[in-house]
Amino acid sequence: MHTLEILMNQMNMMYFWEKIRLEYCDQDILNLDQLEKLMSRCLKLYKMIDSFINIFKLIHKQEVST
């Protein structure tokens with residue numbers, strides 16, 4: 001949950017983080033399906049951040065080459 005919070009904070013998705021947090025706040029232990037869903041969200045956010053970083057690297061290369 002903490003990793004998801006940090007990733008969503010980086011992407012300015014705190015509204016969605018609060019929705020997720022409220023959904024799981026009353027549960028002490030997550031079942032396998034819930035955990036899989038959270039992990040897939042983390043992976044999706046990691047991929048989004050990675051694609052942004054790659055885009056900015058390409059922009060930087062283009063600026064340096066000109």
Side-chain angles (χ1 to χ4, degrees):
M1 291 292 285
H2 183 68
T3 302
L4 187 61
E5 178 184 10
I6 291 172
L7 291 171
M8 290 189 134
N9 190 9
Q10 292 293 320
M11 298 298 287
N12 289 330
M13 300 175 76
M14 292 312 289
Y15 169 75
F16 299 106
W17 163 248
E18 288 298 323
K19 284 178 54 176
I20 293 170
R21 187 184 63 78
L22 291 174
E23 182 178 336
Y24 296 113
C25 70
D26 59 343
Q27 299 176 0
D28 290 334
I29 298 176
L30 300 176
N31 64 28
L32 189 58
D33 292 331
Q34 293 169 329
L35 186 60
E36 182 180 3
K37 190 173 181 179
L38 288 174
M39 293 301 292
S40 68
R41 287 180 174 153
C42 287
L43 183 61
K44 186 176 180 178
L45 286 167
Y46 272 125
K47 287 180 180 181
M48 286 173 59
I49 291 171
D50 186 52
S51 65
F52 283 128
I53 290 172
N54 288 335
I55 289 170
F56 287 118
K57 284 180 181 178
L58 288 172
I59 290 171
H60 179 72
K61 284 181 181 180
Q62 181 67 27
E63 289 175 350
V64 169
S65 68
T66 56

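Values below: every heavy atom of this structure, side chains too, minus hydrogens, waters and symmetry copies. Note that the structure is predicted; figures quoted are calculated from it, not measured.
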Atom CZ of Phe16: over 12 foreign heavy atoms under 6.0 Å: no
Transitive ILVMFWY side-chain link Tyr24 to Ile6, under 4.5 Å: no
Single-linkage hydrophobic cluster Met39~Leu43, side-chain heavy atoms < 4.5 angstrom: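 No; Leu43 is not reachable from Met39 via cluster members.
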What are the two closest heavy atoms between [X] and [Y], and how far apart are they?
X: Leu38; Y: Met1; value: CD1-SD, 3.5 Å
X: Cys42; Y: Leu7; value: O-CD1, 3.7 Å
X: Met48; Y: Met11; value: CE-CE, 3.4 Å

Beyond-backbone contact of Thr3 with Leu45, side-chain heavy atoms, under 4.5 angstrom: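 Sidechains of Leu45 and Thr3: no contact.
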Residue pairs passing the side-chain hydrogen bond (donor to acceptor under 3.5 Å, both in side chains) test where at least one lies in residues 30-49, sequence neighbours excluded: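 For residues 30-49, and leaving out neighbouring residues, the side-chain hydrogen bond (donor to acceptor under 3.5 Å, both in side chains) pairs sorted by first residue read Gln27-Gln34.
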Residue pairs fulfilling side-chain hydrogen bond (donor to acceptor under 3.5 Å, both in side chains) with at least one residue in residues 11-21, sequence neighbours excluded: Glu18-Arg21
Separation between CD1 of Ile53 and NE2 of His60, rounded to the nearest 0.5 Å: 14.0 Å
